[in-house]
Q: 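Sharing a structure here in structure tokens format.
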Amino acid sequence: MKAFEYATAHSVNSAQEMVADNGQYIAGGNDLLGLLKEYIVDPKILVSVKSLPGLDRVETGSKVWTIGTNVTVAQIEDHSAIRKTFPGLAQAAAEVGSQQIRNVATVGGNISQHSRCWYFRHRDVLCLKKEGDMCYARHGENKYHSLFTGNTCISPVVSNLAIAFAALDATAVVQRAGKPVRMSMAEFYAKAFENPTAHNSLNPGDLVLKVEIPTTRTHSAYMQTSEKHEFDWALVSCAAAANITNGKLSNARVALGSISPVPHQVDAANEYLEGKTLDEATVTHAADMILHGAKPHEHNGYKVPMAHALIRRTLLKLNA
Amino acid sequence: MPDPANLSWPKETKYISKSTHRVDAAQKLTGKARYSSDIQAEGWLYGMILRSKWPAAKITNINLEKALQIPGIKAAILIKGNERTVRYYGDEIAAVAGTTKIACLDALKAIEVTAEPLPYVVHEDEAKKPDAPKVWDDAPNLSKPKVTEKGEVDKAFSECATVVEGFYTTQVQLHHPMETHGNTVSWTDEGLTAYASTQGITSVKDGFAGSLQLEQSKVRVITEYMGGGFGAKFGSGVEGKAAAELSKAAKAPVRLMLTRFDQGLAVGNRPSSFQKIKLGASADGTLLAYQLDAYGTAGIGGGGSSEGGGGGANFPAPYIYQIPNTRVSQATVAINAGSARAFRAPGNPPASFGMESIMDDLAVKMGMDPLELRVKNDPNPVRQKEYEVGGKRVGWKEKYKKPGSSPGVIKTGIGCASGSWGGGGSKKTQGEAQINPDGSVEIRMGVQDLGTGTRTVLAVVAAEVFGLKPEQITVKVGDTNYPPGPGSGGSTTCASISPTALDTCTNALNELQKQTGVADARGENWFAACKKLGVTPLVVQGKFQDGLSSRGAGGVQFAEVEVDTETGRVTVKKMTCIHDCGLIMNTLTLESQIYGGTIMGMGYALYEERVMDKLSGALLNPNFETYKLTGLSDMPEFDIVLINMPERGVIGIGEPSVIPSASAIANAVANALGVRINSLPITPAKVLAALGKIPAPVS
Ligand SMILES: Cc1cc2nc3c(=O)[nH]c(=O)nc-3n(C[C@H](O)[C@H](O)[C@H](O)COP(=O)(O)OP(=O)(O)OC[C@H]3O[C@@H](n4cnc5c(N)ncnc54)[C@H](O)[C@@H]3O)c2cc1C
Ligand code: SF4
């Protein structure tokens, strides 16, 4: 870890001023401290965003709920109204790391976290994402990597919350160049799909303020499979959300994590689900559509059947 | 009182074979127990090690100058000289000592190393190829196999009613005790004191004296509490020697505890194994012939010197069953990776995995009950009893179904496996008891409590002999100034210290009675008798006595699992562990060993695996995020059954409990699925592959 300055921001403007070009925001620090300790990032200044006023609340509403960037993952997991209204989000939160991690991990930090690729995280390996000249994972140890990508890097998005947010069609509100910009989850990660050095679409200095979730969908669910039963990253995660009236789906959305640099969503599959009833045939067809074109590498082919099962199960869980 | 020349274990007991809570539980729970990594000697410095970033390289120069200029840095040393070859990622190069962690980290970055990278190889099958880069210049990577043959193997196979063949592989398992390796060392003109995280204070003392050419009388090793060793903590180690040299150079005590990252690289591991096995039996299931062709890696070397083995990648074969005709060929293949070291029951878990897997495969092919096949071929009478007890306990007859016949997406299965281990006591163990006039008692022994409950066992024996309570006994261990005790390895500690404590305490009691004229000083007479000592405490020695311990422990374990055939994930539902180890000293701490061993075996079965990267030569999972250990939510239900055999004396249990767990789980998974996963760890990826569900790679 290199020496750095530390400052606490009390307003959005001062946060952005202080962070300037060579600083980094710090919230819970779960992700950032690991990167600092392994000499993977070396910001001149860390600007704590935890004291920004008004960004640590869950605000309910008839059309939209707002979750401040500093709300912790544990708060989401335990929030009784969220558990009722957006069960998929609470389930996604409950699967994040360990209780200790959830207690300090924030919403903004969770969706902004960097790649977990073990080459990227390795202090002595310089891969494409760290301005090295090759992707090691493609020809090396890729069991935790993506089935889809738009570039050379196959490091997947691993934020549990992002997957649930994507299915719920949530919007991140990001302060950029003096004004708030609204991004869907697809937009929030789009850059990582194209650019191997990006983890998400944030520019330096961009500050996540909150996430807005429309109440459009009355049903949601989240499932993941890990090697261990708890405190382990998802090998594949899946979230689904929809309305169900008289057994018929509308506005359905499915998103998968850990198989692409972005929450993996297939519009055609979402459209296919419109008006369908939830049965084995429907969910199997949807799963086929969602995984069409998957490109497994030497060690991650298992993610295809695993994702297929999770899509089917998560959709069926919507009925529960 | 028992005659000291003819000691025996008491028949009626108050504490032996009963359950006594750890005498140091409160110390541990309140954080008062001082572990080796807690030691803060006056004026101590941090010590850190610079490791090779190259899997193989010729080092031509190391410049420590810039490191020494960093504020707070008090010393910097070379570890194996200036010009040398490093042979694995993580090989030690230099070390620094400084007043803060950050100064040391900066210093490591400031050390300039000039090196020419060399070709390397980190995977066994690559290293075996004739044109592979050589790990050692003067020897081939693949050792000449060690071949043994018994009987007439080919003829016997031709006479078998059924023959099965299989290929079974086990991974490299890393040593990750909760406390990493390390010491605080103070080396002055008066001598050297090391606060070591070790399972062998005596062997560490010997190691320091030998490697630093010090008189043994000038070396003292202290281990009050330590956080586990599992076979990897017998020596003073590279890190210990470095701490000593830094201490001398800096004229201050140096605490050099490895980081978790270091721990994954350089302190040993369980070798991998690749086992091609052929097994044949007559129509009634009597095993007739066995053939093994195996190799595995112990990294760059044959492993650290340690009790209980560790050299090379060989393992006992055939394992535990009686087979008249056997041909065994085993080789070790060197790769550019950290070397092996003794690891809880060295050789046995891989041996068990290969053997117990093919036993089940044979049973399935013959249409025979795998438990019956074991009963038929296991010559050990104690395990015979354990099959019987265990089989009834788990309801084997009802639960064992045809492999793969469990209905639905989530399939259930049951499996069985067994293990065997030596144990026994070390004849060199000595002890000392001090009885004070106020009736307080100290037992002193130069053994260390590895975390297994050594203190508690000593207190139990003393309490039994003196008619006191265990908590009335002050046990002092973990100091080479005490009479020498055994290293905690080979499951020999309990069988070494218990007879020694019995002898010591019996001598002390006899001496007390003689000096005070009290005919029976035990129990309620204790304090009155001790008072008669006047002002001078009584100090009495004792030593290991034959006839109170023996060798040969074992166990049979049954695993019940659920396998999700769509996600590939295995859930262990229940482990039933039937174990024997002679006379039980303390039931609670004994059960604790079986929990720990079984949980470690589960890690071997399902989660743990060293991942070496061929493209960089580095270890890819030097942390607990991706080197996965069994966690609380992975825990099954446990049913532990202990077979108490006082007539055999004390034996030892630490190791046998880890042996059969992975094999039993693997057999249960095969029983659930109807196909075998022939490779540990059994990950979702391997389950889905075995079920034929994985599409071919596209890229
Ligand atoms: C062992 C382990 C296991 C884990 N398992 C999981 C898991 O299973 N699932 C999962 O989803 N996550 C998991 N995590 C990741 C963890 O959830 C994230 O690291 C955490 O949520 C990050 O939040 P934080 O507040 O600690 O972020 P920080 O570490 O403080 O910040 C993370 C990143 O986000 C940036 N940032 C923070 N706040 C803002 C903001 N308001 N605007 C813009 N940028 C911001 C920081 O600059 C930094 O780059 C795990 C982490 C660990 C260490
Ligand atoms: S997947 Fe991405 S992060 Fe991982 S090695 Fe390749 S480029 Fe680097």
Side-chain angles (χ1 to χ4, degrees), chain A residues 1-3 34 37-39 97-98 116-119 121-127 132 134-145 147 149 154 223-233 235-236 291 293-310 312-313, chain B residues 51-55 89-90 101-102 105-106 109 259 261 409 564-572 603 606-607 609 611-626 628-635 681-689 691-699:
Chain A
M1 187 184 304
K2 292 211 178 128
K37 284 184 187 172
E38 299 296 326
Y39 295 88
S98 64
R116 265 351 265 201
C117 169
W118 46 13
Y119 292 101
R121 292 272 163 175
H122 203 292
R123 62 177 76 163
D124 289 324
V125 178
L126 195 65
C127 78
M134 68 180 268
C135 170
Y136 283 76
R138 274 194 179 256
H139 306 287
E141 300 298 332
N142 49 38
K143 79 163 170 170
Y144 298 130
H145 290 75
L147 299 171
T149 183
I154 51 172
M223 295 182 94
Q224 70 173 53
T225 296
S226 313
E227 286 172 325
K228 299 194 340 179
H229 292 75
E230 223 176 63
F231 195 5
D232 195 7
W233 297 90
L235 298 165
V236 178
L291 295 170
K295 285 200 176 65
H297 300 272
E298 190 180 352
H299 304 293
N300 71 349
Y302 72 91
K303 288 194 177 191
V304 176
M306 184 181 280
H308 202 273
L310 285 172
R312 287 182 280 119
R313 290 181 189 183
Chain B
R51 297 177 180 279
S52 170
K53 295 185 189 317
W54 303 276
Y89 175 86
K101 245 185 199 175
I102 195 82
L105 286 167
D106 287 347
K109 289 255 161 204
T259 61
F261 178 86
V409 168
D564 186 326
T565 54
E566 289 186 343
T567 65
R569 190 163 71 174
V570 175
T571 303
V572 182
L606 303 175
Y607 310 121
E609 176 170 34
V611 181
M612 296 300 301
D613 176 44
K614 66 176 180 214
L615 298 172
S616 61
L619 169 69
L620 276 187
N621 54 349
N623 54 52
F624 287 162
E625 179 189 338
T626 43
K628 301 186 179 182
L629 297 164
T630 314
L632 267 184
S633 55
D634 305 312
M635 292 303 156
I682 302 173
T683 58
K686 288 182 192 167
V687 170
L688 292 172
L691 292 171
K693 295 195 171 180
I694 297 193
V698 170
S699 58

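Computed from a prediction, not measured in an experiment: that's the story for all the values here. A note on names: the letters A, B, ... follow the listed sequences, proteins ahead of strands, and every chain is numbered from 1.
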Q: In terms of heavy-atom proximity below 4.5 Å to chain A, should B:Asp564 be classed as side chain, backbone, both, or neither?
A: side chain
Q: For a quick check under 3.5 Å, do A:Tyr119 and B:Asp613 share a side-chain donor-acceptor pair by atom type?
A: yes
Q: Contact part of A:Arg121 toward chain B, heavy-atom cut-off under 4.5 Å: side chain, backbone, both or neither?
A: neither
Q: When heavy-atom pairs shorter than 4.5 Å are enumerated against chain B, which of A:Asp232, A:Val304, A:Val125, A:Leu310 gives the highest number?
A: A:Asp232
Q: Can you say whether A:Asn300 sits under 4.5 Å from chain B via the side chain, the backbone, both, or neither, judging by heavy atoms?
A: neither
Q: Which answer fits B:Ile102, side chain, backbone, both or neither, if we ask what part of it has an atom under 4.5 Å from a heavy atom of chain A?
A: side chain
Q: One pair to check against side chain to side chain contact (heavy atoms under 4.5 Å, CB included): A:His308 and B:Lys693. What are the steps and the verdict?
A: CA-CA 11 Å; A:His308 202 273; B:Lys693 295 195 171 180; over 6 Å; no
Q: Can you say whether B:Lys686 sits under 4.5 Å from chain A via the side chain, the backbone, both, or neither, judging by heavy atoms?
A: neither
Q: Using modelled atom types only, decide if a donor and an acceptor are shared between the side chain of B:Asp106 and the backbone of B:Lys109 within a distance under 3.5 Å.
A: no
Q: Just so I understand: if I count every heavy-atom pair under 4.5 Å between each of B:Thr571, B:Leu691, B:Asn623, B:Asn621 and chain A, which residue has the most?
A: B:Thr571
Q: With rounding to the nearest 0.5 Å, note down the distance linking CD in B:Glu566 to CE in A:Met306.
A: 11.0 Å
Q: Please identify each residue that fulfils salt bridge (charged side-chain N to carboxylate O under 4.0 Å, His left out) with B:Glu609, with sequence neighbours left out.
A: none
Q: Between B:Leu632 and chain A, which part of the residue has a heavy atom less than 4.5 Å away: side chain, backbone, both or neither?
A: neither
Q: Where does B:Thr567 contact chain A at under 4.5 Å (heavy atoms): side chain, backbone, both or neither?
A: both
Q: Which atoms of B:Ala685 are under 4.5 Å from chain A, going by heavy atoms: the side chain, the backbone, both sets, or neither?
A: both
Q: If you count heavy-atom pairs under 4.5 Å with chain B, which of A:His122, A:Lys228, A:Glu141 comes out on top?
A: A:Lys228
Q: Check each atom of B:Val687 against the heavy atoms of chain A and say whether the ones under 4.5 Å are side chain, backbone, both or neither.
A: neither
Q: Are a donor atom and an acceptor atom from the side chains of A:Trp118 and B:Glu625 found within less than 3.5 Å of each other?
A: no
Q: Could you list the residues that satisfy side chain to side chain donor-acceptor pair (under 3.5 Å) with B:Lys53, not counting sequence neighbours?
A: A:Asp124
Q: Is A:Arg123 positioned over the aromatic face of B:Phe261, cation under 6.0 angstrom from the ring centre and no more than 45 degrees off axis?
A: yes
Q: What part of A:Tyr136 gets closer than 4.5 Å to chain B, counting heavy atoms only: side chain, backbone, both or neither?
A: both
Q: Given B:Leu606, which of B:Thr630, B:Val572, B:Thr683 fulfils the side chain to side chain contact (heavy atoms under 4.5 Å, CB included) condition?
A: B:Val572
Q: State whether the side chain of A:Lys303 and the backbone N or O of A:Leu235 hold a donor-acceptor pair below 3.5 Å, judged by distance alone.
A: yes
Q: With only heavy atoms counted, which part of B:Lys614 is less than 4.5 Å from chain A, the side chain, the backbone, both or neither?
A: side chain
Q: Under 4.5 Å, counting heavy-atom pairs only, tell me which of A:His139, A:Met134, A:Lys143 racks up the most with chain B.
A: A:His139
Q: Does any backbone or side-chain atom of A:Ala307 lie under 4.5 Å from a heavy atom of chain B? Answer side chain, backbone, both or neither.
A: neither
